[in-house]
There are 2 protein chains.
Amino acid sequence: MEPLLVDRLLRITDLFQRDMARAFAGTGLTTARVHLLWVLQHAGPSTQQNLARLCEVTPRNITGLVDGLEASGHVRRSPHPSDRRAVLVELTPEATQMMGRMQHEHTQLDETLRGAIAPEDRAAVDRGLSALVTRLETLVADAEADAGASRDAP
Amino acid sequence: MEPLLVDRLLRITDLFQRDMARAFAGTGLTTARVHLLWVLQHAGPSTQQNLARLCEVTPRNITGLVDGLEASGHVRRSPHPSDRRAVLVELTPEATQMMGRMQHEHTQLDETLRGAIAPEDRAAVDRGLSALVTRLETLVADAEADAGASRDAP
DNA sequence: TATTGTTATACTCTATAACTATA
DNA sequence: TATAGTTATAGAGTATAACAATA
């Protein structure tokens with residue numbers, strides 16, 4: 001019997017998580033912290049408020065993650081040049097280098113996975129996944145709008 | 001520019017997690033607890049040791065999850081008929097009914113997502129995802145074997 | 001008055017290690 | 001001696017609420 005499409009996707013989700021956990025193991029890093037480093041690599045030096053928005057997590061949570069990453073030498077807090085309430089968080093040189101390697105592994109993984117698909121199926125898979133992302137985004141946005149509406153006016 | 005295949009898959013991972021979190025919201029359930037209920041629905045009444053193996057978490061963790069699910073009325077502990085050390089965990093009738101609804105939503109989601117893919121691409125997407133799962137399983141198994149080997153003989 | 005970050009508090013998931021009761 | 005489950009302890013991620021400093 002053919003596994004459901006959803007089951008295949010959930011299986012891929014699970015395997016991705018394991019693969020990432022494997023990649024972090026031994027570095028002392030966790031998924032949440034690597035996510036923050038990833039955001040920081042793409043956004044550049046940012047205030048914690050901004051990181052909270054980008055990570056979709058509370059500012060309080062960012063305080064904790066930055067505390068941990070500062071202790072492990074991956075990020076640095078520096079005063080904001082024009083707003084004395086805020087701090088700027090930025091990657092240390094070592095972390096910048098590490099994120100470069102991680103980016104490289106990322107594109108390598110992409111090549112490996114793309115190579116696993118039969119060449120004549122690749123275009124269809126691209127179109128299919130793109131369509132799935134679009135549909136899922138709609139589903140989630142609608143559900144979250146509903147949740148927001150019922151929370152605002154219960 | 002075309003997003004990478006990996007990025008699409010990671011995006012799907014993220015959207016799935018949000019969709020599931022949305023589905024549980026208000027029920028007081030969490031991802032880990034629903035996962036346990038799901039396993040229990042498919043395995044039937046099980047010892048905690050067995051659940052620990054199936055969920056790939058420590059037995060201690062199962063104690064905590066079952067405690068929570070018992071308090072919320074989703075599972076019941078009963079004595080094992082032949083081994084007085086063990087307990088059997090089983091779904092309550094209410095939880096059995098709820099899992100039936102969840103199973104139904106699951107197949108509905110599958111239909112929705114499959115419907116989002118152009119009919120002529122569906123077969124290729126099935127083949128492609130199947131190939132991705134196989135390749136990822138190999139990658140993860142190899143990585144975990146390496147980790148195990150270096151842990152056993154460091 | 002609004003915003004930035006932090007302290008205080010709490011809950012869940014997760015793990016290891018030691019202990020109890022049974023096999 | 002080995003196994004099933006629990007108690008004890010610990011750390012990470014997450015959230016809300018109250019508070020300080022600054023805008």
Side-chain angles (χ1 to χ4, degrees), chain A residues 14 17-18 20-22 24-39 45-72 74-90 147-148 151, chain B residues 14 17-18 20-22 24-39 45-72 74-90 147-148 151:
Chain A
D14 179 54
Q17 277 163 193
R18 289 201 207 198
M20 289 191 276
R22 185 263 321 159
F24 310 156
T27 67
L29 289 169
T30 62
T31 307
R33 290 179 189 184
V34 171
H35 182 217
L36 182 47
L37 293 178
W38 195 263
V39 164
S46 310
T47 64
Q48 297 191 179
Q49 287 291 332
N50 194 31
L51 293 173
R53 279 185 286 268
L54 293 170
C55 294
E56 297 183 87
V57 97
T58 61
R60 176 61 184 90
N61 201 347
I62 296 293
T63 297
L65 294 171
V66 171
D67 285 351
L69 288 167
E70 202 173 32
S72 60
H74 291 94
V75 305
R76 208 162 61 88
R77 278 184 171 103
S78 52
H80 191 287
S82 64
D83 186 340
R84 288 196 299 171
R85 293 170 306 178
V87 300
L88 282 180
V89 182
E90 62 188 342
R151 177 163 23 77
Chain B
D14 180 54
Q17 278 164 189
R18 288 201 208 197
M20 289 190 279
R22 185 264 320 160
F24 310 156
T27 67
L29 290 168
T30 62
T31 306
R33 290 180 190 183
V34 171
H35 181 217
L36 182 48
L37 293 178
W38 195 263
V39 164
S46 310
T47 64
Q48 297 192 180
Q49 287 291 333
N50 195 33
L51 293 173
R53 280 184 285 269
L54 293 170
C55 294
E56 299 183 86
V57 296
T58 61
R60 175 61 184 91
N61 201 346
I62 297 293
T63 297
L65 294 172
V66 171
D67 284 350
L69 287 167
E70 202 173 31
S72 59
H74 291 94
V75 306
R76 207 163 62 87
R77 279 183 171 104
S78 52
H80 190 288
S82 64
D83 186 341
R84 285 196 302 171
R85 295 169 306 178
V87 301
L88 282 180
V89 183
E90 62 187 342
R151 176 162 27 75

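Every chain is numbered from 1 and lettered A, B, ... according to where its sequence line falls, protein lines coming before strand lines.
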Please step through side chain to side chain contact (heavy atoms under 4.5 Å, CB included) for the pair A:Arg18 and B:Glu56, ending with a clear verdict. CA-CA 12 Å; A:Arg18 289 201 207 198; B:Glu56 299 183 86; 2.8 Å; yes
If we only count heavy atoms from C-beta on, is the B:Pro59 to B:Gln49 side-chain gap below 4.5 Å?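 With C-beta onward as the side chain, the pair touches.
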Report the distance from atom [atom1] of [X] to atom [atom2] of [N], rounded to the nearest whole Å.
| X | N | atom1 | atom2 | answer |
| --- | --- | --- | --- | --- |
| A:Asp67 | D:dG13 | CG | C1' | 13 Å |
| B:Arg18 | D:dT14 | CZ | P | 13 Å |
| B:His80 | C:dA21 | NE2 | C1' | 16 Å |

A:Asp67: salt bridge (Lys or Arg N to Asp or Glu O under 4.0 Å) partners, not counting sequence neighbours: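 For A:Asp67, the residues satisfying salt bridge (Lys or Arg N to Asp or Glu O under 4.0 Å) (neighbours in sequence not counted) are A:Arg77.
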Could you go over nucleotides 21-23 of chain D and give all protein N or O partners under 3.5 Å, atom names and distances?
| unit_1 | atom_1 | unit_2 | atom_2 | d |
| --- | --- | --- | --- | --- |
| D:dA23 | OP1 | A:Arg84 | N | 2.9 |

Where is the tightest heavy-atom contact between B:Ser72 and B:His74, given as atom of each residue plus distance?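 B:Ser72 and B:His74 have their closest heavy atoms at OG-ND1, 2.7 Å.
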Shortest non-hydrogen separation from B:Pro81 to B:Leu88 and the atoms involved: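 In terms of heavy atoms, the two residues are closest at CD-CD1, 3.8 Å.
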Once hydrogens and angles are ignored, does a donor-acceptor distance under 3.5 Å link the base of C:dT14 to the side chain of B:Arg60?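 By the distance-only test, no, there is no pair.
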State the CD-OG distance between A:Gln48 and A:Ser46, to the nearest 0.5 angstrom.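 If I round to the nearest 0.5 Å, the distance is 10.5 Å.
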Please report the interatomic distance CG(B:Leu65) to CZ(B:Arg60), rounded to the nearest 0.5 Å.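 Rounded to the nearest 0.5 Å, the CG-CZ separation comes out at 9.5 Å.
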Within residues 46-57 of chain A, find the residues that approach DNA chain D with a heavy atom at under 4.0 Å, and present them sorted by residue number.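 Listed by number, they are A:Val57.
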Does the side chain of B:Thr63 get closer than 4.0 angstrom to OP1 or OP2 of D:dG5 through an N or O atom?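 So the side chain of B:Thr63 is outside the cut-off, no N or O lying under 4.0 Å from OP1 or OP2 of D:dG5.
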Please determine if a side-chain N or O atom of B:Arg77 lies less than 4.0 Å away from the OP1 or OP2 oxygen of D:dT6.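 Checking D:dT6 against B:Arg77, a side-chain N or O does come within under 4.0 Å of OP1 or OP2.
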In this structure, which one of A:Ile62, A:Leu69, A:Val66 forms a side-chain contact (heavy atoms from CB on, under 4.5 Å) with A:Val89?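 Exactly one candidate clears the test, A:Val66.
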A:Glu90: which residues meet the side chain to side chain donor-acceptor pair (under 3.5 Å) condition with it, sequence neighbours left out?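 Residues passing side chain to side chain donor-acceptor pair (under 3.5 Å) with A:Glu90: A:Arg76.
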Just distance, no hydrogens or angles: give the donor-acceptor pairs under 3.5 Å from side chains in residues 27-39 of chain B, sequence neighbours left out.
| unit_1 | atom_1 | unit_2 | atom_2 | d |
| --- | --- | --- | --- | --- |
| B:Thr27 | OG1 | B:Phe24 | O | 2.5 |
| B:Thr27 | OG1 | B:Leu29 | N | 3.1 |
| B:Thr30 | OG1 | B:Arg33 | N | 3.3 |

Protein-nucleotides 10-13 of chain C N/O pairs under 3.5 Å:
| unit_1 | atom_1 | unit_2 | atom_2 | d |
| --- | --- | --- | --- | --- |
| C:dC13 | OP1 | B:Thr30 | OG1 | 2.1 |
| C:dC13 | OP2 | B:Arg33 | NE | 3.2 |
| C:dC13 | OP2 | B:Arg33 | NH2 | 3.3 |

